[in-house]
K.L.:
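Can you keep this structure in mind? I'll have questions shortly.
Index from 1, following the sequence.
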Amino acid sequence: LKPCVPKIMATLTQQQDSSNTHLVLDYEGSTEFTKHMQLRDGWKDPPGIKVRPRAGIAAMECLVANDPSGLAAKLGAALMLGVTVQLQQVGYEEGKNLVGFGYDWRMPCTKMEERDSYFSNTMKGMEELVKRNGGEKIVVVTHSLGGVCASYFFHWVAHSDHGRAKGGVKWLEQNI
């Protein structure tokens, strides 16, 4: 699959039915887009389709670069891109002391570890970041649903078997 679904053009249309009036988000190429965005049981991949977030800062750039309508920026999807650009302007370097941990916003946090080992991999990535920076703790910056995901991650580290085996709350205190 391509890293981004190109040219997702959205328009709002008003539709009438017998019970009420509602707005419908209509996408150019909506059938293909919809197939790739749906999850079975709210967290499982449909047959023959596997969509995962891009790694790093590129995930945010992808949203803006492939949205000629500007809808992603208008909806706030590009907010963190402005933050990372400013951090890079004052000397932060992606991969060295600036890392993006993208997540699959389509699914509940409670299933991320089960499907993708997301929180285990995030812990490992954060440990590597701390090592690359001489033991300096990480500052976590989030936006919107990313805050919910980060909060769940912190609780998962403190209370899951995997998180507790790596130190739980002490791991958080040493790394975050």
K.L.:
Could you tell me which non-hydrogen atom of L172 sits nearest to which non-hydrogen atom of F154, and how far apart they are?
P.N.:
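L172 and F154 have their closest heavy atoms at CD1-O, 3.5 Å.
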K.L.:
Minimum heavy-atom separation for R106 to V51, with atom names?
P.N.:
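That would be NH2-O, 3.2 Å.
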K.L.:
Quick one about E113 and S120 (side-chain donor to acceptor, distance below 3.5 Å, no hydrogens or angles considered), yes or no?
P.N.:
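Yes, because at least one side-chain N or O of S120 sits under 3.5 Å from a partner of the opposite role on E113.
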K.L.:
Identify, with sequence neighbours excluded, every residue that meets salt bridge (charged side-chain N to carboxylate O under 4.0 Å, His left out) alongside K111.
P.N.:
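If we apply the salt bridge (charged side-chain N to carboxylate O under 4.0 Å, His left out) test to K111, skipping adjacent residues, the hits are E114.
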K.L.:
Would you mind reporting whether F153 and M123 have side-chain heavy atoms less than 4.5 Å apart?
P.N.:
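Yes - at least one pair of side-chain heavy atoms lies under 4.5 Å apart.
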K.L.:
Measure the acute angle between the ring planes of Y103 and Y118, then classify it against the limits of 30° and 60° as parallel, tilted or perpendicular.
P.N.:
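Rings of Y103 and Y118: perpendicular, as their planes differ by over 60°.
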K.L.:
Is any side-chain heavy atom of V99 closer than 4.5 Å to one of R132?
P.N.:
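With C-beta onward as the side chain, the pair touches.
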K.L.:
Is the backbone N or O of I57 less than 3.5 Å from a side-chain atom of E94, with the two atoms forming a donor-acceptor pair by type?
P.N.:
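Yes, because the side chain of E94 sits within donor-acceptor range (under 3.5 Å) of the backbone of I57.
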K.L.:
What is the minimum heavy-atom distance between C109 and F119, and which atoms define it?
P.N.:
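Looking at all heavy atoms of both residues, the shortest contact is O-CE1, 3.5 Å.
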K.L.:
About how many Å separate CH2 of W105 and CE of M112, when rounded to the nearest 0.5 Å?
P.N.:
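The distance works out to 11.0 Å.
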K.L.:
Measure the spacing between CG of N97 and CG of L87 and express it to the nearest 0.5 Å.
P.N.:
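Going from the CG atom of N97 to the CG atom of L87 covers 9.0 Å.
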K.L.:
Among residues at least two apart in sequence or on other chains, which ones pass salt bridge (charged side-chain N to carboxylate O under 4.0 Å, His left out) with K44?
P.N.:
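By the salt bridge (charged side-chain N to carboxylate O under 4.0 Å, His left out) rule, K44 matches D41.
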K.L.:
Just so I know, are the side chains of N175 and K137 near enough to count as touching, which here means a heavy-atom distance under 4.5 Å?
P.N.:
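No; the side chains remain at least 4.5 Å from each other.
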K.L.:
Just by modelled atom types, is the W156 backbone N or O under 3.5 Å from a matching donor or acceptor in the S160 side chain?
P.N.:
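Confirmed, S160 side chain pairs with W156 backbone.
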K.L.:
Working to the nearest 0.5 Å, report the span between CD1 of I138 and CG of L129.
P.N.:
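That separation rounds to 4.5 Å.
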K.L.:
Out of curiosity, S117 OG to K124 NZ, how far, rounded to the nearest 0.5 Å?
P.N.:
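These two atoms lie 11.0 Å from each other.
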K.L.:
In Å, rounded to the nearest 0.5 Å, how long is the span from CD of E93 to CG of L98?
P.N.:
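It is 9.5 Å, given to the nearest 0.5 Å.
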K.L.:
Can you name the closest pair of heavy atoms from P108 and G42 and give their distance?
P.N.:
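Smallest heavy-atom distance, with atoms named: CD-O, 3.2 Å.
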K.L.:
Does the side chain of V130 reach to within under 4.5 Å of the side chain of Q174, using non-hydrogen atoms?
P.N.:
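No. Closest side-chain heavy atoms not under 4.5 Å.
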K.L.:
Are any non-hydrogen side-chain atoms of R52 and K50 less than 4.5 angstrom apart?
P.N.:
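In short, these two side chains touch, coming nearer than 4.5 Å.
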K.L.:
Begin from the C-alpha positions of E127 and K166 and carry the test salt bridge (Lys or Arg N to Asp or Glu O under 4.0 Å) through to its verdict.
P.N.:
CA-CA 11 Å; E127 289 168 353; K166 306 253 311 157; 3.1 Å; yes
K.L.:
So F101 and V140, do their side chains get closer than 4.5 Å, heavy atoms only?
P.N.:
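Side chain of V140 against side chain of F101, heavy atoms only: no contact under 4.5 Å found.
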K.L.:
Can V169 be reached from W171 by stepping across I, L, V, M, F, W or Y side chains whose heavy atoms are under 4.5 Å apart?
P.N.:
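No, W171 and V169 fall in different hydrophobic clusters.
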K.L.:
Tell me the closest heavy-atom pair linking D45 and R40, and the distance in Å.
P.N.:
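For D45 versus R40, the nearest heavy atoms are O-NE, 3.2 Å.
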